[in-house]
Number of protein chains: 2
Amino acid sequence: MHGEKRDVAHKILLAAVKVFDKYGLRKTTMRDIAESAGMSKSSLYYYFKSKRDILSSVVKQESLTLTRKLHHAIQQDISPQQKLREYVVTRMHLLFELSVYYASLSEAYLEQYSFIEQEREAFTAFEIDAVSKILSEGVLKGIFRGRDILAAAKTIIIIMKALELRLVISKSMDELDSTVDTMLEILFHGLETR
Amino acid sequence: MHGEKRDVAHKILLAAVKVFDKYGLRKTTMRDIAESAGMSKSSLYYYFKSKRDILSSVVKQESLTLTRKLHHAIQQDISPQQKLREYVVTRMHLLFELSVYYASLSEAYLEQYSFIEQEREAFTAFEIDAVSKILSEGVLKGIFRGRDILAAAKTIIIIMKALELRLVISKSMDELDSTVDTMLEILFHGLETR
DNA sequence: TGATTTTTCGACCAATTTAGTCGAATTATA
DNA sequence: TATAATTCGACTAAATTGGTCGAAAAATCA
């Protein structure tokens, strides 16, 4: 009749995201997750074998959401400039919502949950590929200068990561879009042919 | 030569605010505060007698900042409408920054730190007074209708508190100002004479 | 209906973390 | 140099942590 096992597991993950977002990974306890999911702590272990397991599932889920939406954002039939803008802005807004990627963790903690770093590295690889493709397209169309695409892509990603940090600190998205625009304005006039 | 006792105490409070903001009151430990302040945990007890003491000081400090800035915001020589707008917007932005008032705490936790509720109540009293004065001024100038000022003030404050909740949930201030404007538009056309 | 399976939870555990203490070391002051 | 102000490492008792287990409840099946 009602909820299957997978639905409850999903409900738990949603609850986990909520509290991860609130307290960060390190500070979130199984009790917090259970409370947020509206069930007993023991019941969590019926669906997940450990806290690490829940964490891992959340990370994988968020990572999937992130890449899927970013992929979709640059699939549109728009100019390379617009694509780059779309990518950066979408990325900003998504990362603002997704909790796990923002968790600033101590090295010791990351060691324990190594899959987070792994997932992050995989995401970086995706990013370099995605941005490189946008740049290549721009070069082919004679819009961007065709020097070292990989280096250019990496630079853009570094700048975006720097923006992430500012975002976390300010906790506001007010100036974000204009900052992105300013940044991209500079970026475009440096990349475009004349 | 360098830092007096009061300065260090102040430094500790700033560090405390930083981590309270990050983890919330409940999740913040003395170790967190000490780390954030760049000193040993034991040293904190040279300046404050307990965690409760630090918490209390932070709450009082934030409460003071809040009321002082709000008071200043409505001291300007502007129309009652502008004053009301100024009050609401300032309040929103300040509460977004101040960590303590947003801490959603369980009743059990609030019991332990009762001074938080006390300070909140004092703040509400200040608000009712401040908003009432703005409304009164508007009535005197023939701009607002002069029915039940106290009830009107309380209504405005309730609406602002509802906005607070939305603010916490969305964690973004993007739509906030326009929401405030929309709300005040409705509010003004209900309050103004004709 | 009664038997069986799925799901939930309270009670419990060992290990860690917590707020807070204390005396000794360090630093500044006189 | 003596004295006072400040810092901290080592410690404790109490609370909290992730995780276990078996029994109660619900849901499903016969």
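Hydrogens, waters and symmetry mates are skipped; everything else that's a heavy atom, side chains included, is used. Since the model is a prediction, treat every value here as computed from it, not as a measurement. Every chain is numbered from 1 and lettered A, B, ... according to where its sequence line falls, protein lines coming before strand lines.
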If we ignore hydrogens and angles and just use 3.5 Å, is the side chain of B:Thr90 paired with the main-chain N or O of B:Glu86 as donor and acceptor? yes
Under 4.0 Å between a side-chain N/O of A:Tyr47 and OP1 or OP2 of C:dT8, yes or no? yes
Between atom CG in A:Leu25 and atom C1' in D:dG18, what is the gap in whole Å? 16 Å
Find the bend of the helix from C:dG2-D:dC29 to C:dA30-D:dT1 as the angle between its two terminal axes (five pairs each), to the nearest 10°. 30°
Rounded distance in Å - CD1 (A:Ile33) to C1' (D:dG19): 13 Å
Can you list every pair that meets salt bridge (Lys or Arg N to Asp or Glu O under 4.0 Å) and has a residue in residues 33-49 of chain A, with sequence neighbours left out? A:Arg31-A:Glu35
For B:Lys133, is there an ion pair with B:Glu137 - N to carboxylate O distance below 4.0 angstrom? no
Atom pairs, N/O to N/O, protein against nucleotides 11-17 of chain D, distance under 3.5 Å?
none

Let me know the distance between CG of B:Asp53 and P of C:dA19, rounded to the nearest Å. 14 Å
Strictly distance-based, threshold 3.5 Å: is any side-chain N or O of A:Ser36 a donor or acceptor partner for the main-chain N or O of A:Asp32? no
Atom pair distance, as rounded to whole Å: NZ in B:Lys49 and C1' in C:dG20: 13 Å
Without swapping roles, check the side chain of A:Ser56 against the backbone of A:Arg52 for a donor-acceptor pair under 3.5 Å. no
Measure from CD1 on A:Ile12 to C1' on C:dT7 and round the result to the nearest Å. 11 Å
For B:Leu44 and C:dG20, give me the distance from atom CG to atom C1', rounded to whole Å. 11 Å
Nearest to side-chain heavy atoms of B:Tyr46, which nucleotide of D:dC21, D:dT6, D:dG19: D:dT6
Applying the 4.5 Å side-chain criterion to the ILVMFWY set and letting contacts propagate, would A:Phe115 and A:Phe20 be lumped into a single cluster? yes
Round to the nearest Å and state the distance from B:Tyr23 atom OH to C:dT17 atom P. 14 Å
Classify the side chain of A:Ser42 versus the base of C:dG10 as yes if they form a donor-acceptor pair under 3.5 Å and no if they do not. yes
Just call it for A:Phe48: base, sugar-phosphate, or nothing, with non-hydrogen atoms closer than 4.0 Å on any strand. nothing
Counting only heavy atoms not in B:Lys11, do more than 12 sit closer than 6.0 Å to its NZ atom? yes
Of the options C:dT8, C:dG20, D:dT20, whose atoms approach the side-chain atoms of A:Ser40 most closely? C:dT8
Less than 4.0 angstrom between a side-chain N/O of A:Ser43 and OP1 or OP2 of C:dT7, yes or no? no
Heavy-atom nearest pair, A:Ser40 first then A:Ala34, reads C-CB, 3.8 Å
Output yes when a side-chain donor or acceptor of A:Lys27 lies under 3.5 Å from a complementary backbone atom of B:Lys27, and no otherwise. yes
